[in-house]
Amino acid sequence: MPTPTDLGLPETPAFRHEVDAETELELYRSMERLRRFEKRAYDLFLQSLVKGTSHLSLGQEAIAAAFGASMRPDDWTFATYRGHAHTLARGVAMEPIMAELLGRSTGLMAGKGGSMHLTSVEHGVMGSYAIIGAHLTIANGAAWSAKLRGTDQVAVCFFGDGTTNIGAFHEALNLAATWKLPVVFVCENNQWMEYTPIGSVTAVPRPAADRAAAYGLEPVVVDGNDATAMYAAARDALRHARSGHGPVLIEALTYRHGGHSRADPAKYRPAEEVEPWLLRDPLVTYRAHLLRKGVEEGVLKGIDEDVLREVDDATEAARNAPEPDLTLIERDVWADGSSAWRN
Amino acid sequence: MTLMTYRDAVARGIAQELERDDRVVFLGEDVGAAGGVFKATGGLLERFGPLRVADTPISEQAILGAAMGAAMTGLRPIAEIMFSDFLAVCWDLVANEIAKTRYMTNGQISLPLVIRTGNGGGLRFGAQHSQSLENWAMAVPGLKVVAPSTPEDVVGLLAAAVRDPDPVMFFEHKGLYPTKGEVPDGEIVDTLGTAKVRRRGTDCTILALAAMVPRALKAADALAAAGVNATVVDVRSLVPLDTATILDAVARTGQLFTVEENPRLCGWGAEIVSVVVEEIWDDLDGPPIRITTPHVPLPSSDTLEDATIPSVTRIVDTVRKVME
Ligand SMILES: Cc1ncc(C[n+]2csc(CCOP(=O)(O)OP(=O)(O)O)c2C)c(N)n1
């Protein structure tokens, strides 16, 4: 089971990429939002207010934040069931997301989607997909449409390391490469599938990057806990795809702090693996980096307080929102708003 | 009017829509340069170019994913899955992604796309290239399901499917590709969710779909000679279902037969029979009878396959026995 150094990463993120001061604070604020939101979602789960399952990305915030900060408003995000962060990072308000987790009428999908299916077309969040791999092929379709319609939009598709072993991954990469589609595939290699380490079921050490060449792509490996490295990688990838050079595949090395889903205490992971990864917490290390660079503690504290208020307000509003109307059940199977299958 | 094959009607229908609307695109395996394995899409690449008529790798998931992503971002794709049996390879895209997106997103995303596929048996292709799979699609909320039986319907229903805001599964019958029929000239657009009465009779109603329609009509002619005068309804669209036309025909005649090429269990005929029994029980003179393929994968030999799929003789014999 690989520690960060086994994977060739330094003991802590290097933060050697130059990012302007405004963007640095934006990245910090974004990561703080993702972290606080998900911690709150977990608290609400423990109180049995958030039902069903949901998948947190604590520890992986730098990836979503970096793309959120570098994508254009008309670009598209395709996320997985682990998609709270990607949705928030595109600027979607917390309240409708929280209300969706609580199954309320004010939820992003009025309670019809749930945690695993967050969608906000208005923000370019074109869905979160709960069947492994399918959305890579769908992101291709959006990219194809951008190409045919002559816009320079880019589709960005996030997925996990486990996804690289499903057929759709391979079909999608081959089509994207042969059709030179403006799509960026981002593998968040958090080292684990559900309860199985990726290395034990994959013949190559870097599950995404090592396969890139097979599809004619350059392998790009990034420290996924280094917000500035992620930001630089995202910016480069978007520029490449946007200017018509075809797809990019990024493998971002990272680690999920908790279990696969919230029912999972993640006891299967050895301490020797977990501890060095926790030292690389993207938020803690980035905060230290900003302080070292001379950002005032008060500025960061101000951001923390703003975010906490945002989370509190979202929680309060979502908890007070009404349950969805039962008429929703039979609505919107079809574009006429109905579910009628006969006359 | 032009006399043309069902196969040529496919190309004509696709061309009509590519011509009309820049947002329409067409993709699939061997559909462009090769003109399709059933030669139903010849000439489209030459006419509309490789950007709008796209040859794909053998990647059914990638094909439907591309169609879906394109549909959600402003295009109106027509995707071909060569044989309907291959839908199994991309069933996730069909049933989990395409069918559910509108509902799960609470109406944020519409998917105006068409999945065309070669369906059905009778050509000795064996059990992995001959199935009639419209029932699979019919069972998934969010898919519209159409199966034309004539060249005219191919053009008109395909146009309606392309213009429809929802995902439509378009089941072309492989056995019908060489059959001919008159097609009106100029642009034609049909209406989804409408059945057609192909023959009017007073004694019983025979419901059929796709390749079973010409067989039902032949059977009706033979039955007429034997004194049984049947109405034949071409169902054409399983979702939405034209229950009004069906119930009207059954109520007038009092006796219903369904002719289904698919295996008996959970076939579409069962659904229609249940609607009929619930709604016009009092108008029925006897129990509705289903004529189907037995619950088997399709065998390949001439003798075996012919005896498996409902034949004209089997329809005639079944109807006569009940009507006597
Ligand atoms: C086709 C399919 N098979 C299995 C599952 C069950 N499943 C859900 S998440 C998961 C692990 C995915 O791991 P990975 O791709 O590394 O993503 P991560 O959860 O680490 O973000 C599995 C097996 C599924 N959702 N879809």
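Every chain is numbered from 1 and lettered A, B, ... according to where its sequence line falls, protein lines coming before strand lines. Model, not experiment: these values are computed from the prediction.
By the 30° and 60° cut-offs, the orientation of the rings of A:Phe158 relative to A:His86 is parallel.
Remark: side-chain polar atoms of A:Asp75 are paired, donor with acceptor, to backbone N or O of A:Arg72 under 3.5 angstrom.
Cation-pi geometry between B:Arg116 and B:Phe170 is not met: the NZ or CZ atom fails to fall both under 6.0 Å from the ring centre and inside 45° of the normal.
Of all the listed residues (A:Asn140, A:Thr151, A:Thr119), the one sharing the greatest number of non-hydrogen pairs under 4.5 Å with chain B is A:Thr119. For the set A:Ala172, A:Ser120, A:Ala139, A:Gly127, the entry with the most heavy-atom pairs within less than 4.5 Å of chain B is A:Ser120. Interface summary for chain B: among A:Trp334, A:Trp144, A:Trp341, A:Trp179, the most heavy-atom pairs under 4.5 angstrom belong to A:Trp334. Your options are A:Arg342, A:Glu122, A:Lys147, and the one with the most heavy-atom pairs under 4.5 Å with chain B is A:Arg342. Each of B:Ile63, B:Thr101, B:Leu27 has some count of heavy-atom pairs under 4.5 Å with chain A, and the biggest count is that of B:Leu27. Counting heavy-atom pairs closer than 4.5 Å to chain B, the top-ranked of the candidates A:Gly167, A:Ser339, A:Ala134 is A:Ala134. Comparing A:Leu181, A:Leu148, A:Leu175 by how many heavy-atom pairs each has under 4.5 Å with chain B, the most go to A:Leu148.
If you measure heavy-atom distances from B:Asp242 to chain A, the contacts under 4.5 Å come from both the backbone and the side chain. Residue contact with chain A, scored on non-hydrogen atoms closer than 4.5 Å, is absent for B:Leu111. With a 4.5 angstrom heavy-atom cutoff, B:Leu93 touches chain A only via side-chain atoms. Looking at B:Lys100, neither its backbone nor its side chain comes within 4.5 Å of chain A, counting heavy atoms on both sides. Within the 4.5 angstrom heavy-atom criterion, no atom of A:Leu136 approaches chain B. In this structure, chain A has heavy atoms under 4.5 Å from both the backbone and the side chain of B:Gln108. Interface remark: B:Ser110 contributes side-chain atoms only to the contact with chain A (heavy atom separation under 4.5 Å). Only the side chain of A:Asn174 comes within contact range of chain B, with heavy atoms under 4.5 Å apart. Using a 4.5 Å cut-off between heavy atoms, B:Ile246 does not touch chain A at all. Looking at A:Ala110, both its backbone and its side chain come within 4.5 Å of chain B, counting heavy atoms on both sides. Heavy atoms closer than 4.5 Å to chain B are found nowhere in A:Ile132, neither backbone nor side chain.
Side-chain atoms of A:Arg211 and A:Thr164 include a donor-acceptor pair closer than 3.5 Å. A side-chain donor from one of A:Asn165 and A:Thr202 sits under 3.5 Å from a side-chain acceptor of the other.
The residues B:Glu17 and B:Arg163 are annotated as salt-bridged, a charged nitrogen and a carboxylate oxygen being separated by less than 4.0 angstrom. We find that A:Glu100 and A:Lys112 are not joined by a salt bridge, their nearest charged nitrogen and carboxylate oxygen being 4.0 Å or further apart.
Shown here is B:Glu46, whose CD atom has more than 12 heavy atoms of other residues, nucleotides or ligands within 6.0 Å.
Considering B:Thr245, B:Val232, B:Asp153, B:Val235 as possible partners of B:Lys196, the one that fulfils the side chain to side chain contact (heavy atoms under 4.5 Å, CB included) test is B:Asp153.
Note that the CE atom of B:Met68 and the CD atom of B:Gln61 stand 13.0 Å from one another [nearest 0.5 Å].
Ring centroids of A:Tyr129 and A:Phe159 are separated by 6.0 Å or more, keeping the two rings apart.
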